[in-house]
Amino acid sequence: MNNIEQILSHAVIEAVNELYGAKVDLSQVQLQITRKEFEGDYTLVVFPLVKVSKKSPEITATEIGDYLCNIQRVAEKYNIVKGFLNLSLNSTTWVGKLNEIAAEQEEYGFVTATPESPLVMVEYSSPNTNKPLHLGHIRNNLLGYALGEIIKANGNHVVKTNIVNDRGIHICKSMLAWQKWGNGETPEATGKKGDHLVGEYYVKFDKAYKAEIAEKVAAGIEKERAEANSELMAEAREMLLKWEAGDETVVSLWKMMNSWVYAGFDVTYKTMGVDFDKIYYESETYAIGRDVVLEGVEKGVLNRREDGSVWADLTADGLDEKLLLRRDGTSVYMTQDIGTAKMRFNDYAIDKMIYVVGNEQNYHFQVLSLVLDKLGFSWGKDLVHFSYGMVELPEGKMKSREGTVVDADDLIADMVKTAREVSEELGKLDGYSKEEAERIYRIVALGALKYFILKVDPKKTMTFNPRESIDFNGNTGPFIQYTYARINSVMRKAAENGYEIPAAIASNLQMNGKELALIKNLSRFPAIVAEAGKAYSPAVVANYTYELVKEYNQFYHEYSILNETDAVKRAARLLLSKTTAIVLRKGFSLLGIEMPERM
RNA sequence: GGUCUGGUAGCUCAGCUGGAUAGAGCAACAGCCUUCUAAGCUGUGGGUCGCGCGUUCGAAUCGCGCCCGGAUCACCA
């Protein structure tokens with residue numbers, strides 16, 4: 001709620017008290033922005049107040065409207081449509097609002113953290129080291145990064161973290177395949193990106209494994225038996241045991257191949273523009289988890305069975321029993337997460353922990369929360385699982401086995417190519433050097449991809465249509481970037497003409513409807529940032545920037561800025577444009593999207 | 001089967017802490033560049049908000065039941 005709404009709401013409470021002698025609270029004052037088709041700025045829904053006034057909605061609205069406009073003078077005039085009291089503020093109020101916003105400049109809408117502000121840790125990305133990142137990871141990374149920025153903008157300290165799943169049977173499969181059929185291939189020798197190279201061997205393992213099973217089945221062995229007795233799988237398992245035992249050959253192979261993957265991931269992260277303040281590795285945390293679980297057994301909050309396995313009994317919470325340590329004493333996924341959590345809370349004074357992980361793991365986090373609580377970690381209950389929906393393609397789910405997975409690097413490269421083609425066709429960057437133009441193509445391409453993904457409600461399963469994602473018209477990132485570039489162009493030309501952009505404009509200036517509508521939209525920004533933080537939703541910000549841009553383009557189309565002969569009006573429009581550009585850029589910064597100065 | 005979750009225009013999505021005649025974009029059709037970037041603006045057509053019942057002055061929004069889809073319920077991660 002901005003200060004104009006606050007003043008109005010409190011005025012309504014006072015009016016009701018004076019008129020009807022009844023105290024109503026803020027929740028009964030339903031003030032909303034007036035819909036476009038009606039005249040007014042804010043609308044008071046009077047139905048909830050009829051109980052108090054004991055009069056018809058129309059009469060109640062008239063009485064309150066009179067009081068607000070004539071006694072309190074917080075509104076200029078009003079009209080009533082079917083129990084809705086539409087209030088109009090005078091132009092001066094809105095000019096004042098614009099001046100206020102402009103004065104805040106880059107700070108507008110953002111809350112600065114103080115030393116006392118809470119520390120929020122956001123975990124996102126969390127890749128496996130056996131294959132390259134794909135479209136699903138992209139949604140995770142974009143959401144995680146944006147969420148971090150949004151939480152920061154709401155006045156919190158944020159630590160972005162990544163837990164790398166660097167150990168386990170999956171990486172052993174890649175390692176084994178490389179050892180068997182790799183002929184010493186390296187990223188350097190092949191010119192392939194490290195994560196892609198390792199991914200190829202993961203696929204090779206899978207193919208060889210399937211071939212082995214098929215061969216055995218053809219020889220008359222049951223499928224289940226063939227799988228259980230797979231020699232290849234046995235070798236992979238053996239390699240994992242060797243790794244856990246610290247076998248030098250295996251460990252050095254593991255280190256080498258993981259380093260290839262990290263080098264590859266770094267490139268992808270850099271291209272996507274995401275980063276981390278602290279990276280954890282499961283190879284370093286799983287043992288801690290095991291210790292914590294064993295302590296839990298001693299404390300009697302966890303149960304050890306006769307076969308040696310350790311379980312958490314969650315039946316009191318309506319769930320089942322959950323395994324935490326295998327019969328052979330090795331850790332499972334849950335155990336690793338417990339260890340990682342403990343390590344993090346030792347490293348930082350975390351007030352809130354947010355896990356950005358897909359909704360397929362809802363159950364896992366429900367359990368993790370309960371188990372941490374059982375183990376005596378006070379923060380266990382309050383952990384937040386930011387559960388986002390899966391990404392599907394128009395033809396359905398992505399399946400790695402069927403090769404329908406969209407590779408992150410390929411996708412971004414495609415987007416850049418399209419951005420380049422469109423831009424060259426339009427000739428907008430003529431005169432730019434090749435390097436400068438390439439930089440803009442990347443900004444636009446990433447803007448298209450990020451906006452396409454972030455504009456949809458994170459909780460929902462989304463369809464990624466490659467054809468639509470490279471469309472740069474309509475509700476897209478490039479459309480919003482374009483508007484920004486356009487304002488920038490006006491600013492440049494203003495400077496060339498020696499027009500100064502004032503810090504504030506005279507409050508008695510009468511603004512036209514489009515200008516007022518634009519200011520009203522700008523005034524919503526702080527509430528949007530707050531709502532996005534509360535709802536954990538970058539989509540709220542994305543949809544707002546779109547509405548703001550549509551409003552600006554209408555204004556831009558209808559009124560001339562530089563050719564306006566009235567210097568006062570021209571100055572006001574310049575300030576309005578500049579302020580819009582700042583809000584757009586700040587809004588997009590919350591989504592991790594850059595703005596091009598030209599396009 | 002239990003739990004969770006979704007169903008809004010041909011397609012992709014907003015709107016969901018109850019409020020006015022349910023909105024955008026894409027796709028289709030029709031206009032607007034000698035004027036600040038046409039990656040833009042304007043207009044037309046397109047809807048039983050899955051179905052039913054209930055609560056309410058008022059339901060796409062809340063509750064219950066049903067239909068359809070998805071996720072999950074591993075000594076996988």
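Keep in mind the model is a prediction, meaning the values are calculated, not measured. Protein chains get the first letters and strands the later ones, always in sequence-line order, with residue 1 at the start of each.
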Cationic tip of A:Arg524 within the cone over A:Tyr544's six-membered ring, i.e. under 6.0 Å and within 45° of the normal?
-> no
May I have the distance from A:Leu314 (atom CG) to B:rC73 (atom C1'), rounded to whole angstrom?
-> 13 Å
Spacing of the P atoms in B:rG54 and B:rA71 (rounded, Å) = 35 Å
For residues A:Phe205 and A:Tyr202, establish whether the separation of their ring centroids is below 6.0 Å.
-> no
Looking across every strand, which nucleic acid part, if any, lies under 4.0 Å from A:Asn473 by heavy atom: base, sugar-phosphate, or nothing?
-> sugar-phosphate
Under 4.0 angstrom, heavy atoms only, what part of the nucleic acid is A:Glu558 near: base, sugar-phosphate, or nothing?
-> nothing
To the nearest Å, how far apart are A:Ile480 CD1 and B:rU37 C1'?
-> 17 Å
Are there more than 12 heavy atoms of other residues, nucleotides or ligands under 6.0 Å from atom NZ of A:Lys455?
-> yes
Determine the contact category for A:Asn86: base if any of its heavy atoms lies under 4.0 Å from a base atom, sugar-phosphate if only primed atoms, P, OP1 or OP2 are that close, otherwise nothing.
-> base
NZ or CZ of A:Arg167 within 45° of A:Trp254 ring axis and under 6.0 Å = no
Taking atom C1' in both B:rA14 and B:rA22, compute the distance separating them and give it to the nearest angstrom.
-> 11 Å
Base, sugar-phosphate, or nothing for A:Pro48, non-hydrogen atoms under 4.0 angstrom?
-> base
For B:rU3, which nucleotide in any strand shown is its Watson-Crick or wobble partner with both distances under 3.5 Å?
-> B:rA71
cation_pi(A:Arg139, A:Tyr388) dist<6.0 Å, angle<=45 | no
Partner of B:rC53 by Watson-Crick or G-U wobble geometry, both contacts under 3.5 Å, or none?
-> B:rG63
Check: A:Asn475 side chain, B:rC13 base, donor-acceptor under 3.5 Å = no
Compare side-chain N and O positions of A:Asn359 against OP1 and OP2 of B:rG70 and report whether any pair is under 4.0 Å apart.
-> no
A:Gln28 CD to B:rU56 P, in whole Å, measures 18 Å
Counting Watson-Crick and G-U wobble pairs only, both distances under 3.5 Å, name the nucleotide matched with B:rA38, or none.
-> none
Checking A:Phe386, A:Tyr355, A:Tyr333 against A:Phe365 for ring pair (Phe, Tyr, Trp, His ring centres under 6.0 Å), the one that qualifies is A:Tyr355
How far does the C1' atom of B:rC51 sit from the matching atom of B:rG43, given to the nearest Å?
-> 36 Å
Touch class at under 4.0 angstrom, heavy-atom based, for A:Val490 against every strand present = sugar-phosphate
Can you find a pair of side-chain heavy atoms, one from A:Asn165 and one from A:His170, that are under 4.5 Å apart?
-> yes
Hey, is the side chain of A:Lys428 poking within less than 4.0 Å of OP1 or OP2 on B:rA39, counting only N and O atoms?
-> yes
Face-to-face stacking of A:Tyr482 with B:rG40, centres under 5.5 angstrom, angle under 30° = no
Out of B:rU37, B:rA20, B:rG40, which has the shortest distance to the side chain of A:Lys493?
-> B:rU37
Between P of B:rG40 and CG of A:Leu584, the distance in whole Å = 15 Å
Under 4.0 Å between any heavy atoms, over every strand shown, what does A:Met390 touch: base, sugar-phosphate, or nothing? Just pick one.
-> nothing
Taking everything shown except A:Glu395 itself, do over 12 heavy atoms lie less than 6.0 Å from its CD?
-> yes
Does A:Glu500 CD have over 12 foreign heavy atoms under 6.0 Å away?
-> no
Re B:rG18: Watson-Crick or G-U wobble partner, both distances kept under 3.5 Å, found to be none
Is the aromatic ring of A:Tyr546 within stacking range of B:rA24, meaning centres under 5.5 angstrom and planes under 30 degrees?
-> no
NA contact type, A:Tyr363, heavy-atom cut-off 4.0 Å: base, sugar-phosphate, or nothing?
-> sugar-phosphate
Mind calculating the distance between CG (A:Leu368) and C1' (B:rU72) to the nearest angstrom?
-> 16 Å
NA contact type, A:Lys459, heavy-atom cut-off 4.0 Å: base, sugar-phosphate, or nothing?
-> nothing
When both distances are under 3.5 Å in a Watson-Crick or G-U wobble arrangement, the nucleotide paired with B:rU12 is B:rA24
Would you say a side-chain N or O of A:Gln366 is under 4.0 Å from OP1 or OP2 of B:rU3?
-> no
When we call it a touch if two heavy atoms are under 4.0 Å apart, what does A:Val422 touch: a base, just sugar-phosphate, or nothing?
-> base
OP1 or OP2 of B:rU12 sitting under 4.0 Å from any side-chain N/O of A:Lys460?
-> no
According to the Watson-Crick and G-U wobble definitions, with both distances under 3.5 Å, which nucleotide is paired to B:rU48?
-> none
Touch check for A:Phe479, heavy atoms < 4.0 angstrom, all strands: base, sugar-phosphate only, or nothing?
-> sugar-phosphate
Do A:Phe38 and the base of B:rA20 stack face to face, with centres under 5.5 Å apart and an angle between planes under 30°?
-> yes
Taking atom C1' in both B:rC11 and B:rG19, what distance in whole Å separates the two?
-> 30 Å
Could you tell me whether A:Thr463 contacts a base, only the sugar-phosphate backbone, or nothing, with contacts defined as non-hydrogen atoms closer than 4.0 Å?
-> sugar-phosphate
Kindly indicate whether the side chain of A:Thr43 and the base of B:rA20 share any N or O donor-acceptor pair separated by less than 3.5 Å?
-> yes
Within the structure shown, what part of the strands sits under 4.0 Å from A:Asn488 by heavy-atom distance: base, sugar-phosphate, or nothing?
-> nothing
Would one find a side-chain N or O of A:Arg492 under 4.0 angstrom from OP1 or OP2 of B:rC36?
-> no
Should A:Lys550 be listed as having a side-chain N or O under 4.0 Å from OP1 or OP2 of B:rG40?
-> no
If pairing requires Watson-Crick or G-U wobble contacts with both distances under 3.5 Å, which nucleotide is the partner of B:rG43?
-> B:rC29
Atom-pair distance (NE2 on A:His364; C1' on B:rU3), nearest Å = 17 Å
Has A:Asn563 got a side-chain N or O lying under 4.0 Å from the OP1 or OP2 atom of B:rC36?
-> no
Does A:Arg327 have a side-chain nitrogen or oxygen under 4.0 Å from the phosphate oxygens OP1 or OP2 of B:rC75?
-> no
Whole angstrom value for the distance that separates C1' of B:rA24 from NZ of A:Lys455 | 9 Å
Would you classify A:Tyr559 as touching base, sugar-phosphate or nothing, given that sugar-phosphate means primed atoms plus P, OP1 and OP2, and contacts are heavy atoms under 4.0 Å?
-> base
Would you mind classifying the nucleic acid contact of A:Val81 as base, sugar-phosphate or nothing, using non-hydrogen atoms under 4.0 angstrom?
-> base
Is any side-chain N or O of A:Arg326 closer than 4.0 Å to OP1 or OP2 of B:rC76?
-> yes
A:Asp471 CG to B:rA24 P: how many Å, rounded?
-> 18 Å
